[in-house]
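Proteins get letters first, then strands, A, B, ... in listed order; numbering begins at 1 in each. Just so you know, these numbers use all the heavy atoms, side chains as well, and skip hydrogens, waters and symmetry mates. If you're wondering where the values come from, they're calculated on a predicted model, not measured in any experiment.
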2 protein chains.
Amino acid sequence: MAASERTGNGGRPRNGGSASAGRPRSEEAHQAILDATLVLLSEVGFSALTVEGVASRAGVGKATIYRRWPSKLPLVVDAFGQLPAFEDADTGSLEGDLKAMLRQYLENFLATPLATVYPSLAAERAHNPALGELMDPLLKGRRRPLDAAFRRAQARGELASGIDIEMASDLIVGPIAVRLFFRGTTIHPDMVDGMVELALRGVRGGS
Amino acid sequence: MAASERTGNGGRPRNGGSASAGRPRSEEAHQAILDATLVLLSEVGFSALTVEGVASRAGVGKATIYRRWPSKLPLVVDAFGQLPAFEDADTGSLEGDLKAMLRQYLENFLATPLATVYPSLAAERAHNPALGELMDPLLKGRRRPLDAAFRRAQARGELASGIDIEMASDLIVGPIAVRLFFRGTTIHPDMVDGMVELALRGVRGGS
DNA sequence: TGGAATCGAGACGTATAGTATCGTAATCCC
DNA sequence: GGGATTACGATACTATACGTCTCGATTCCA
């Protein structure tokens, strides 16, 4: 899988364990390709991203790319894996944790052009189950600090233990995703606080 | 071919108001193109949708398509406009309204392959501002019944008048969009109730 | 009846995906 | 060291799709 090819030892020969002579794959080229992919992704977006463009920007031949990734999609998935994710913040309260993490994530990733990879991959996975399987572990990992905050809150007794954390996490992330990607709205960092409060207290609870 | 060629709004000539001789645009072709677009969209998805495929499926020439839509994207946007949206439900309570509307929308649209148009358009708009402007009125219109339910609840005193309806609406729609499009999860209609309750009462409010 | 704009069909040029083939360069094994 | 093996960058190649354009025929208006 692509995953095994980017697990640190990127410049590995094709056969992981068995005998392998010959020139090893260049780790430099590997990283240059991923970097170029991210740069181009933020410059022209996913649909205008061409493999030839990546090759040229990375200073490698096309074959060097196709030797590592079967197509443009897994390449972008791997590049996606190098993007900043949620960073755990343990402030002592659930509300504080969520606000801090969302602010950080917003400023470091969602507000950058790189964030457009997200809806592009979402669009593709709908008709490409293999892509979904490639993405899911990545997505899950990226969101882990969020789930951890909910679990800490439960441990503190701050949150009912019966709460469905997955659903709660969707409730926090969902509105931001919709605004950003579907409605094309920019989100001011200050708006994050209001959103978190609304999600925590509920629409009906009133502010 | 003896069909009545109504010069309706759909097949309007290039010049809206001024004099126009010549054969009028075929309303049949217009609708056939939109229909074929939707069929193919659900069959192969957006990225694999080809204008040639649409032309062939609709039984028209490519020029007939490009005469009406400058590119594939606006065509898909127009087709998108023909898809089922929220249907207003006035049950007497906000919770009832939301549950009913979401269930209906889920079953009539989100659970069908047609729903994949959504993330595709979201992906494109990120790097195509013109598309965003084309979509926004459509999106706003589709969500209007949802906003209306919130306003009714406010009028009944069921909901604090200070609530930001746009944000509340995002809170309802967001989790579903994230599950469906980003995480690739299917949503059982029964799950809608739990989501609405969580959004209304808040994560912290209780079970 | 003639002008105008349409129709379906498809040729055309450009661009990109993905494959295959160059000659060269790096590494392993003997 | 030397030979085998594999990767390297570069580029030619096939196939597909976009968007433009032309064709003769059709349909409507004046």
Hey, are B/Arg144 and B/Asp88 close enough for a salt bridge, meaning a charged N less than 4.0 Å from a carboxylate O? no

Using the side-chain contact (heavy atoms from CB on, under 4.5 Å) criterion, which residues pair with A/Gln104? Sequence neighbours excluded. A/Glu87, A/Asn108

Whole angstroms only, please: what is the CD-C1' distance between A/Glu28 and D/dG9? 14 Å

Give me each pair satisfying salt bridge (Lys or Arg N to Asp or Glu O under 4.0 Å) with a member in residues 130-139 of chain A, each pair once, sequence neighbours excluded. A/Arg125-A/Asp136

State which residues pass salt bridge (Lys or Arg N to Asp or Glu O under 4.0 Å) with B/Glu52; sequence neighbours excluded, sorted by chain then number. B/Lys62

Residue list, side-chain contact (heavy atoms from CB on, under 4.5 Å) with A/Ala58, at least two apart or on another chain: A/Ala32, A/Ile33, A/Ala36, A/Val60

To the nearest Å, give me how far apart CD1 (B/Ile65) and P (C/dA9) are. 11 Å

Ranking C/dT6, D/dC21, D/dC18 by distance to the side chain of B/Ala63, first place goes to D/dC21

Before we go on, tell me: are the rings of A/Phe181 and B/Phe181 under 6.0 Å apart, centre to centre? no

I'd like to know if A/Lys62 reaches the base of C/dG18 with its side chain, counting only an N/O donor and acceptor under 3.5 Å. yes

Going by modelled atom types, is there a donor-acceptor pair between the base of C/dT6 and the side chain of B/Arg25 at under 3.5 Å? no

Measuring to OP1 and OP2 of C/dA20, would you say a side-chain N or O of A/Arg67 lies under 4.0 angstrom away? no

Any residue of residues 116-127 of chain A with a heavy atom less than 4.0 Å from an atom of DNA chain C: none

Using a strict heavy-atom distance below 4.0 Å, which residues from residues 46-60 of chain B are in contact with DNA chain D? B/Leu49, B/Thr50, B/Val51, B/Glu52

Whole-Å distance between C/dT27 P and A/Glu27 CD? 13 Å

Interatomic distance where CZ belongs to B/Arg23 and P belongs to D/dA30 [whole Å]: 18 Å

For atom CZ of B/Arg68 and atom C1' of D/dG19, their distance in whole Å: 17 Å

Under the salt bridge (Lys or Arg N to Asp or Glu O under 4.0 Å) definition, can you give me all pairs with a residue in residues 166-178 of chain A, not counting sequence neighbours? A/Arg143-A/Asp170, A/Glu166-B/Arg183, A/Asp170-B/Arg179, A/Asp170-B/Arg183

side-chain contact (heavy atoms from CB on, under 4.5 Å) partners of B/Pro74, counting only residues at least two apart: B/Trp69, B/Pro70, B/Ser71, B/Leu134

Among all residues two or more places apart in sequence or in another chain, which pass the salt bridge (Lys or Arg N to Asp or Glu O under 4.0 Å) test with A/Asp35? none

Give the rounded distance in Å between these two atoms: CG of A/Leu40 and C1' of C/dT16. 14 Å

To the nearest angstrom, how far is A/His30 atom NE2 from D/dG9 atom P? 13 Å

Determine the contact category for B/Lys72: base if any of its heavy atoms lies under 4.0 Å from a base atom, sugar-phosphate if only primed atoms, P, OP1 or OP2 are that close, otherwise nothing. sugar-phosphate

If you pin A/Thr64 and B/Tyr66 to their nearest nucleotides in DNA chain D, which one's is more 5'? A/Thr64

